[in-house]
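Below, chain A is the first sequence line, B the second, and so on; all start at residue 1.
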Amino acid sequence: MSQRQVLQVFEQYQRARTQFVQTVAELAARPQNIETLQNAGVMSLLRPLLLDVVPTIQQTAALALGRLANYNDDLAEAVVKGDILPQLVYSLAEQNRFYKKAAAFVLRAVGKHSPQLAQAIVDCGALDTLVICLEDFDPGVKEAAAWALGYIARHNSELSQAVVDAGAVPLLVLCILEPEIALKRIAASALSDISKHSPELAQTVVDAGAIAHLAQMILNPDAKLKRQVLSALSQIAKHSVDLAEMVVEAEIFPVVLTCLKDSDEYVKKNAATLIREIAKHTPELSQLIVNAGGIAAVIDCIGNCKGNVRLPGIMMLGYVAAHSENLAMAVIISKGVPQLSICLSEEQEDHIKAAAAWALGQIGRHTPEHARAIAVINVLPVLLSLYMETESSEDLQVKAKKALKNILQKCTYLPALEPLLHDAPPNILKYVIGQFSKVLPHDSKARRLFVTSGGLKKVQEIKAEPGSLLQEYINTINNCYPEEIVRYYSPGYSEALLERVENYQPVL
Amino acid sequence: MNPTHDITDITFQNTSQLPQPHTETHKETAGSTVLPQSRPPKILLSLFCSPPLHIFFFLIQRISSKAPKSIDLAYCSLIHTVGKAPQATGQVRLDPLSFPPSLHLESDERNKLAVPLCSPAAGWAGLGRARPGGPTGDTDVVSEAGALAGGSCHSPGGSGLQHPRARARFERAAPDNCPRGRPGCKAWDAPRRRAAGAAPGRYHWLAGQETERRFVGQYRKTEHAAAVKIQSWFRGCRVRAYIRYLNKMMIVIQKWWRGYQGRKHFRKMLKTAYFIMKMNFYNEMAVRIQKRWRGYYIRKYIHNYYKLKKYLEAVSLNNEIVRKELEQFAETKEKEKEKKDLERKEKKKDHQARKMHYLLSTEQIPGVFNSPFRPSPDPMELRLQKAKPLSHRHQQIKENLTKETSDFPTCTSSWTFPMVQPLPPIARQKPQGPFRDTAEVLLQRYKPLEPTLRAATSINSLEKAREEMKREEWRNRIHDNEFLPFSSCQKNQKYDPLIQSSSKYGQITYGTKHFREEHHEKWVANKDFETVLPPIELFDRCGKTYSRAGQIV
């Protein structure tokens, strides 16, 4: 046999391996194939190929493994159980950039599923090599490493702390400064994942000087980067007043308000979340946002979008209004209440409705002036119906009831209260009647209107337990009117009259 | 003892008609009484019914009336003990302001009413005891006891003498203060008379004595009872009067005292009421002031209506501005996006034109975009005219690139480079510290490149080496067993070196040409010269550059 023939065998074998690995990698990219692949025993076939002499085959095998592990946690666990991780970690430090990228991809795919799998990655010492990869020249390797680190850190604070302890944060901050948008994006996302767990971790990120760089990228035209940047800032700001103030000091206002006008939904949502996280801490921070015109921007944003994107904006309005009556008044004059009422009636999901109801309650609980602003736009019947509906979730019912209670206890706008007289349950009726009993003794016009609109009749029909608060209120209302009027409107009066007619002895 | 003596002294000095106790005791000692001096002879007694005093009176009466000797002696000893009881506590004092009067153990000189009672009584009791076999026996003792009773009789009077009026009355009632010189006490006189009238005739004397004795015996009891009655009545009167008097005085004192107390209390109450009134007034005024001030302060600084209104107006204005600006911003963004889209479309069309450049019409044949039946050619035709045909090679390269990027697991799209200007730099701190000399820096800067060993080696040297090694292995991998000779005929033969290489100087380490000293005799030492290694150039440069690892400049 000639040499050529001998070599041909090897060549054929290598070609076959390459083809196999590439095909498997391509097949693994489609989720519908994965079950079949796994049943065919792809794991055990791919594992030796990770140690192949040809680098291309190694990389492609890693890629295929990553795709398989990415699919579900069973396959990821199979990767962990197959003792593939130590091999990957070892070669992560040794091999060329393509292999590093593929290995980091496998680690990421394994680590994203559950804290246990992420812990398995940490246990086999991958963090140190991943952090070394963050120092690599190749942005692709950096990106893959940052991504894997972010996925490990996002599970819980222990894993996050492990990532921080490996010294990843300063390198991630350096990655933000790289020119590649994708790398920036991933690094910002990783920082967000690290800082979301606890104030200490957020403080570590802040100490690495991340805020200034993140704040600079708010104006970046890339929407996906903006998403991650805003998310990272809000995760930092959410923990404490100090951190929120540090975020504010990076002069994100009013720049961040432009993100509320972005075409990307998630940018809007994350920007609203950031504003909410800052506003929720103190009245001063809320005031700062109000002064920067943040409320108007948020209200516009709520008006422009639908669904879950609205939620942080609605909550932000609630937080701002909860702090003080002046801020609540600022929300009212910024035309926040109509927007909230639209949310309350338009939205399909209960949790958004609950948030809107809560925000309305926070706005209306301060003074009669505030309550009036809410009552005027006819929100109270909507709230009542949400409370009464059996389909609405328990949380929504509780929130609606609390909001109603808060608003009703301050409301002196009687035209809005009157419809509630007719269809409110006793526990709400108590507050409605209470408000009437407070207003009617001092307002003669209202007394007249109360009679003509049938309110008094309705009041007489209420069956209150003697000695209860409701009965007391009813008595106060009855005392505002002459006795015959009260008797006239009390139920059964016509029968009493007819009885009198029957009993009357005609005088002849 | 001494204090009691002193006190009695004082008392008796006040009531000057009573005999001095000292003289009395002297008399008693002269009369050879057996009274021991160490025993307290006197007792200070208050006038009124302290219980020991009652017992005392009672005892004395018992003695004076009918005591047989044994009982007498027992009583006498009782008197001793009774007499001792108050003495043990010092002195007894009457408090005039409290009624019924109580005993106080204080030595207030003015109110002290002291009676030298116990001493004579004890003395006489002792006397009676000292003469058990006396001639008169019973009578003597009785008479002595009677005298004692007499003495004791006046003793309350004596104590009452403290008051001047009462004393005067008492003096009138009893002109002779000496207990023994009392005329009404016949029992006392009897022995004297007996002594005096012993001479005239025995029978007559005896008869007289008999009658007298009978007479005396007949009337003694009634007289004594009468005397007791009179005395009790009189004393009762006197004590009642005195109590009345004391009550009156008490009322006066209490009246004044209570009046004083009442006025004091009233003044105090008045003061308090006035103070409360004042305080209420002040509080009311303070409330008024605070009300005004707080209203003013809150309206001015906390709930300033106008300020709030202004603030809210400012907020709404600001909101308007922000809304407008954001609107503008969104519009510009929109425009930019449209423009970008347009550009992209244009680019796409251009690319298409380049791709379809072959559809360009020639002079002879009009292209599909240049229909002769139309008045003007299609705009694509113009584009085709402008476009440059796409080269085949260019296409191939592009295809290759996309394939490679799609291979990246982490990046789904091709590289995106920053489309805008780079961000302005973040303000960094100015570098500070001692700098090196400029000349030195320049020297360092313009030094020719001296790459380190690591930099000088190629980046894929490891791979190259591995490849080389692999190739080597592949080349050498004929079979793994070590070389074995074919036959074993030379197995026991010893290896003998070549003739050329064997010399008496041993094997030469390296090289072929050697200059060897032939004359061993001339050698200084018996050893060969040793080879010296040339210096390694790399290590000479150590520490001469800035980059000293681990050191902070």
(message) Do the side chains of Lys347(B) and Asp350(B) get close enough for a salt bridge, i.e. N-O under 4.0 angstrom?
(response) no
(request) Could you have a look at Leu308(B), Leu462(B), Asn460(B), Leu317(B) and say which one has the most heavy-atom pairs with chain A under 4.5 angstrom? (result) Leu308(B)
(request) Could you tell me whether Glu265(A) and Lys226(A) make a salt bridge, using a distance below 4.0 angstrom between a side-chain N and a carboxylate O? (result) no
(request) Please flag which part of Ala292(A) lies under 4.5 Å from any non-hydrogen atom of chain B: side chain, backbone, both or neither. (result) backbone
(request) Indicate yes or no: does Glu327(B) engage Lys261(A) in a salt bridge with an N to O separation below 4.0 Å. (result) yes
(message) Looking at Glu178(A) and Lys142(A), is there a salt bridge between them, counting it only when a charged N and a carboxylate O are closer than 4.0 Å?
(response) yes
(request) Examine whether an atom of Glu325(B) lies under 4.5 Å from a heavy atom of chain A, and if so say whether it belongs to the side chain, the backbone or both; otherwise answer neither. (result) neither
(request) Select one option (side chain, backbone, both, neither) describing which atoms of Ile299(A) are under 4.5 Å from chain B's heavy atoms. (result) side chain
